[in-house]
Amino acid sequence: MTITLYNTLTRKKEAFEPLEPGVVRLYVCGPTVYSNAHVGHAMSSLVFDILRRYLEYRGYAVRHVMNYTDVDDKIILRAMHEERDPHELAEIYIREYDEHLRALNILPAHITPRVSQEMDEIVRTIQGLVDKGYAYPAGGDVYFRVQKDADYGRLSGRRLDDMQAGARIEVDERKEHPMDFALWKAAKEGEPSWGSPWGRGRPGWHIECSAMCLHHLGEQIDIHGGGNDLIFPHHENEIAQSESLTGQPFARYWVHNGMMQLSGEKMSKSLGNLVTIEDFLSKNEADVLRLMVLNSSYRSPLTFNDEVIEAASKGLERLRNGLRPAFPEAAGAPAETLKVLEEQARTTRAAFLAAMDDDFNSAGALGHLFDLVRAINTARDASATVAELEEAQAALRELTGVFGLRLEKLDGKADAAPFVDLLVQVRQQIRQEKLWALSDQIRDQLAELGVTLEDSKEGTTWRFSR
RNA sequence: GGCGACGUGGCCAAGUGGUAAGGCAAGGGUCUGCAAAACCCUGACCACGGGUUCGAAUCCCGUCGUCGCCUCCA
């Protein structure tokens, strides 16, 4: 079985074949750190986390690089407004984003370069482009010469002529062509700046990713990812820069996630329709957002509203319930039931792989996990023992693990388990004596303490509910 | 105006030629001292109009609608 994935460059699904067998060089565009990140940013990081986890599950060694853009107009502007140091400002949001990634159970990239720490590499990259005639200095700036790049526009499917037509491009006398873009910007008074052959200044937005890729992953990479709002101009320009410099294809596969939609519109800072990650996590578990992402195609817009959050939250609970143990007094399920369960575990694994191999169809794969959950619940109801449920639950745990779902939420509470067990045992006797008021009282009060009891014919089970 | 995507039951959403996965919600039922969970049952003329085909949600054309990019954006 091979993995196929949709390549924005060719606009079709292609069989995935890394440059070097067994190794995947993955570069994902990270955020510009000038304010609190919102759940749309989280969506992107989750999408590529799921992609990475799956590739690793399938045996690839993934080298994952995600950059932080910490030198940028917006950062400078904001820092000026707040009368503080731009580096300091960026640092705060980098640290915050790192914390979010941890909270969201997103595997950290192996390398997280920052623009401010890669200046030599960036300047060298620009110099290389100047040397080759793909870039030209102009009054302290350096611009990329788009007309020299024959296939400029091939990622986004645009032609230079079309773009000029209705576009709102500033007329700039220093540019040879209106679509030429800045590789280096001369410093203005009071801005952070670095030395370069063209005078003090700072890099343009696009060059950093080309330089960092080159530096950390080499001239060619396997997967380049990011939000689909980056296709043009950012990724288009990265291709132009990188390929002009090296003369080789840059990224083999371009993978783009869809945008988070809030009330029918793209969630974004400028529209003011956003929910910060912090805000979301203060009200919901991290797994809820992950499940929302999993439940739809990564390439499509993701609907974000209360109903969807609620549905994901309940779905999560259902997955969790699948992992709940057999009833205490389970006597063993009929052979027929166990056979069905075993069969379901097998087919679920296969179907899960088939779905994920098909361009990371996580929603399809998730559907199959729910089928397995039902089979497990049915077997449990039919009095299956812990041992009889084991294999199917192991499969469920393994596959939800591939998704990066944690499911268990007992951290730090496990110590309380023996005491709860004891209470439940005592209550069992109270119930046998039909002292319902007292037994209900125990159940209610435990619920308030975050322990849910559930009574059934085969005994009482309990779990931490928060 | 240019480029691109999408439109599947109340909501979210898989499915790209052989008559529709899954989750949530709703209604009915089973189990149960009650509650909860679980299980079973119920529900889709796949935006609309043409066309291709033995056969289309799935391919082609058109219409309408929504969204994204074209300026910073995950």
Side-chain angles (χ1 to χ4, degrees), chain A residues 8 11 28-32 34 37-48 66 69 72-74 77 153 156-159 161-170 179 205 225-234 236 256-261 264-271 291-292 294-297 299-319 321-322 324 327 351 355 358 361-371 373-374 376-378 380-382 431 434-437 439-440 443-444 447 452-457 461 463 465:
Chain A
T8 306
R11 290 173 203 289
V28 181
C29 284
T32 301
Y34 70 102
H38 57 70
V39 290
H41 298 111
M43 174 196 177
S44 190
S45 289
L46 282 165
V47 163
F48 289 100
M66 184 192 80
T69 299
D72 165 88
D73 288 356
K74 287 190 168 160
L77 209 64
S156 57
R158 293 152 208 262
R159 294 176 321 172
D161 301 343
D162 293 340
M163 282 188 283
Q164 285 176 76
R168 289 170 282 174
I169 308 164
E170 294 171 39
M179 293 306 292
W205 177 36
N228 68 14
D229 54 349
L230 296 182
I231 294 172
F232 189 90
H234 188 54
E236 191 70 72
H256 293 100
N257 64 275
M259 294 293 103
M260 184 79 92
Q261 303 283 123
E265 281 180 313
K266 172 184 167 185
M267 184 179 289
S268 77
K269 196 88 189 158
S270 48
L271 288 166
L291 202 68
M292 286 166 61
L294 287 166
N295 189 43
S296 75
S297 162
R299 287 194 275 136
S300 301
L302 179 60
T303 307
F304 185 93
N305 60 40
D306 289 342
E307 215 175 341
V308 167
I309 294 169
E310 177 67 14
S313 183
K314 292 283 181 58
L316 194 59
E317 208 50 46
R318 187 166 170 75
L319 288 175
N321 285 342
R324 285 165 68 183
F327 292 115
D358 181 12
N361 180 358
S362 57
L366 181 61
H368 295 120
L369 294 189
F370 280 115
D371 289 339
V373 167
R374 183 179 300 107
I376 291 169
N377 288 338
T378 299
R380 188 193 297 104
D381 278 357
R431 290 183 70 229
K434 299 195 192 296
L435 298 171
W436 305 126
S439 82
D440 287 355
R443 188 172 63 196
D444 293 346
T452 302
L453 299 196
E454 288 174 358
D455 301 318
S456 80
K457 207 160 53 174
T461 60
R463 64 202 152 101
S465 53

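A, B, ... follow the sequence lines: proteins, then strands. Residue 1 opens every chain. Side chains are part of it too, since the values below use all heavy atoms of this structure and drop only hydrogens, waters and symmetry mates. Quick caveat: nothing in here was measured; it's all calculated off a predicted structure.
The listed nucleotides are B/rC70, B/rA74, B/rC39; the one nearest the side chain of A/Asn377 is B/rC39. Minimum atom distance to the side chain of A/Pro233 is reached by B/rC72, of the listed B/rC72, B/rA74, B/rC39.
The P atoms of B/rA14 and B/rG51 are separated by 31 Å, rounded to the nearest whole Å. Atom name P, nucleotides B/rC24 and B/rC64: the rounded distance is 39 Å, in whole Å. On the C1' atoms, B/rA13 is 25 Å away from B/rA37, given to the nearest whole Å. Going from the C1' atom of B/rC46 to that of B/rG9 covers 10 Å, rounded to whole Å. Comparing the P positions of B/rU58 and B/rG18 gives a spacing of 12 Å, expressed to the nearest Å. Taking atom C1' in both B/rC61 and B/rA56, one finds a spacing of 15 Å when rounded to whole Å. Using C1' as the reference atom, B/rC70 and B/rG23 are 37 Å apart when rounded to the nearest Å. Nucleotides B/rA36 and B/rA21 are separated by 28 Å at their C1' atoms, to the nearest Å.
In this structure, A/His368 has no ring pair (Phe, Tyr, Trp, His ring centres under 6.0 Å) partners at least two apart in sequence or on a different chain. In this view, A/Asp455 and A/Arg427, A/Arg431, A/Arg443 satisfy the salt bridge (charged side-chain N to carboxylate O under 4.0 Å, His left out) rule, not counting sequence neighbours. The salt bridge (charged side-chain N to carboxylate O under 4.0 Å, His left out) search around A/Arg374 returns A/Asp371, not counting sequence neighbours. A/Arg158 meets the side chain to side chain contact (heavy atoms under 4.5 Å, CB included) test with A/Ser156, A/Met163, A/Phe232; sequence neighbours excluded. Residues passing the side chain to side chain donor-acceptor pair (under 3.5 Å) test with A/His38, sequence neighbours excluded: none. For the salt bridge (charged side-chain N to carboxylate O under 4.0 Å, His left out) test, no residue two or more places apart in sequence or in another chain qualifies with A/Asp72. Considering only residues two or more places apart in sequence or on other chains, A/Phe370 meets the side chain to side chain contact (heavy atoms under 4.5 Å, CB included) condition with A/Arg318, A/Leu319, A/Leu366. Evaluation of the side chain to side chain contact (heavy atoms under 4.5 Å, CB included) rule for A/Glu454 yields A/Arg324, A/Thr452, A/Thr461, A/Arg463 as partners, not counting sequence neighbours.
Rounded to whole angstrom, the span from the CE atom of A/Met259 across to the C1' atom of B/rC67 amounts to 12 Å. Distance CD (A/Glu265) to C1' (B/rC69): 15 Å, rounded to an integer number of Å. Separating the CD atom of A/Glu236 from the C1' atom of B/rG68 is a distance of 16 Å, rounded to the nearest angstrom. Note: NZ (A/Lys266) to P (B/rU66) measures 19 Å, nearest angstrom. In this entry the distance linking CD1 of A/Ile231 with C1' of B/rC67 reads 14 Å, nearest Å. The CE atom of A/Met267 sits 13 Å away from the P atom of B/rG68 (whole-angstrom rounding). Protein atom CG of A/Asp371 is 11 Å distant from nucleotide atom P of B/rA21, rounded to whole Å. Rounded to an integer number of Å, the gap from CZ of A/Arg299 to C1' of B/rG7 is 16 Å.
Nucleotide B/rU32 is matched to nothing when pairs are restricted to Watson-Crick or G-U wobble geometry with both distances under 3.5 angstrom. The partner of B/rU71 is absent, by the rule that a Watson-Crick or G-U pair needs both atom distances under 3.5 Å. Base pairing annotation: B/rG65 forms a Watson-Crick or G-U wobble pair with B/rC6, both donor-acceptor distances under 3.5 Å. In this structure B/rA57 sits in no base pair that meets the Watson-Crick or G-U test at under 3.5 Å. Shown here, B/rU16 forms no base pair; nothing in the strands shown gives a Watson-Crick or G-U wobble contact with both key distances under 3.5 Å.
Taking all atoms of both residues into account, the shortest heavy-atom contact from A/Cys29 to A/Leu230 is CB-CD1, 3.6 Å. Taking all atoms of both residues into account, the shortest heavy-atom contact from A/Leu294 to A/Ser362 is O-OG, 2.8 Å.
Between A/His368 and A/Arg11, the residue anchored nearer the 5' end of RNA chain B, judged by the nucleotide with its closest heavy atom, is A/Arg11. Comparing A/Arg380 and A/Ser44, the nucleotide of RNA chain B nearest to each residue sits closer to the 5' end for A/Arg380.
Screening residues 300-310 of chain A for side chain to side chain donor-acceptor pair (under 3.5 Å) gives A/Glu310-A/Lys314 as the qualifying pairs, with residues at least two apart or on separate chains.
Contact annotation for A/Thr32: backbone-only contact, meaning every heavy-atom pair under 4.0 Å involves sugar-phosphate atoms and none involves a base. Across all strands shown, A/Met260 has heavy atoms under 4.0 Å from base atoms, whether or not it also approaches the sugar-phosphate. Note on A/Gly226: only backbone sugar-phosphate atoms sit closer than 4.0 angstrom, heavy atoms only; bases stay farther off. Across all strands shown, A/Gly153 has no heavy atoms under 4.0 Å from either base or sugar-phosphate atoms. Among the atoms of the strands shown, only primed sugar atoms or phosphate atoms (P, OP1, OP2) are found under 4.0 Å from some heavy atom of A/Gly30. Residue-level contact check: A/His38 touches the bases, meaning some heavy atom is under 4.0 Å from a base atom.
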For nucleotides 24-35 of chain B, 5' to 3', base contacts (B), sugar-phosphate-only contacts (S) and non-contacts (-) with protein non-hydrogen atoms under 4.0 Å give SS------SBBB
Per-nt protein contacts along nucleotides 12-18 of chain B (heavy atom under 4.0 Å; B base, S backbone sugar-phosphate only, - none) come out as BSSS---
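For the pair A/Pro301/A/Gln261, a side-chain contact is recorded, criterion being any heavy-atom separation below 4.5 Å from C-beta on. Two residues are said to be in side-chain contact when any heavy atoms from C-beta on lie closer than 4.5 Å; A/Ile231 and A/Thr8 meet this criterion.
Using a distance-only test at 3.5 Å, with no hydrogens or angles considered, a donor-acceptor pair links the side chain of A/Ser439 to the main chain of A/Trp436. For the pair A/Asp358 (side chain) and A/Asn361 (backbone), a donor-acceptor distance under 3.5 Å is absent.
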Heteroatom pairs (N/O) under 3.5 angstrom, protein to nucleotides 40-44 of chain B:
none

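At the phosphate of B/rA37, neither OP1 nor OP2 sits under 4.0 Å from any side-chain N or O atom of A/Thr452.
Contact annotation: side chain of A/Arg159 to base of B/rC3, donor-acceptor pair absent below 3.5 Å.
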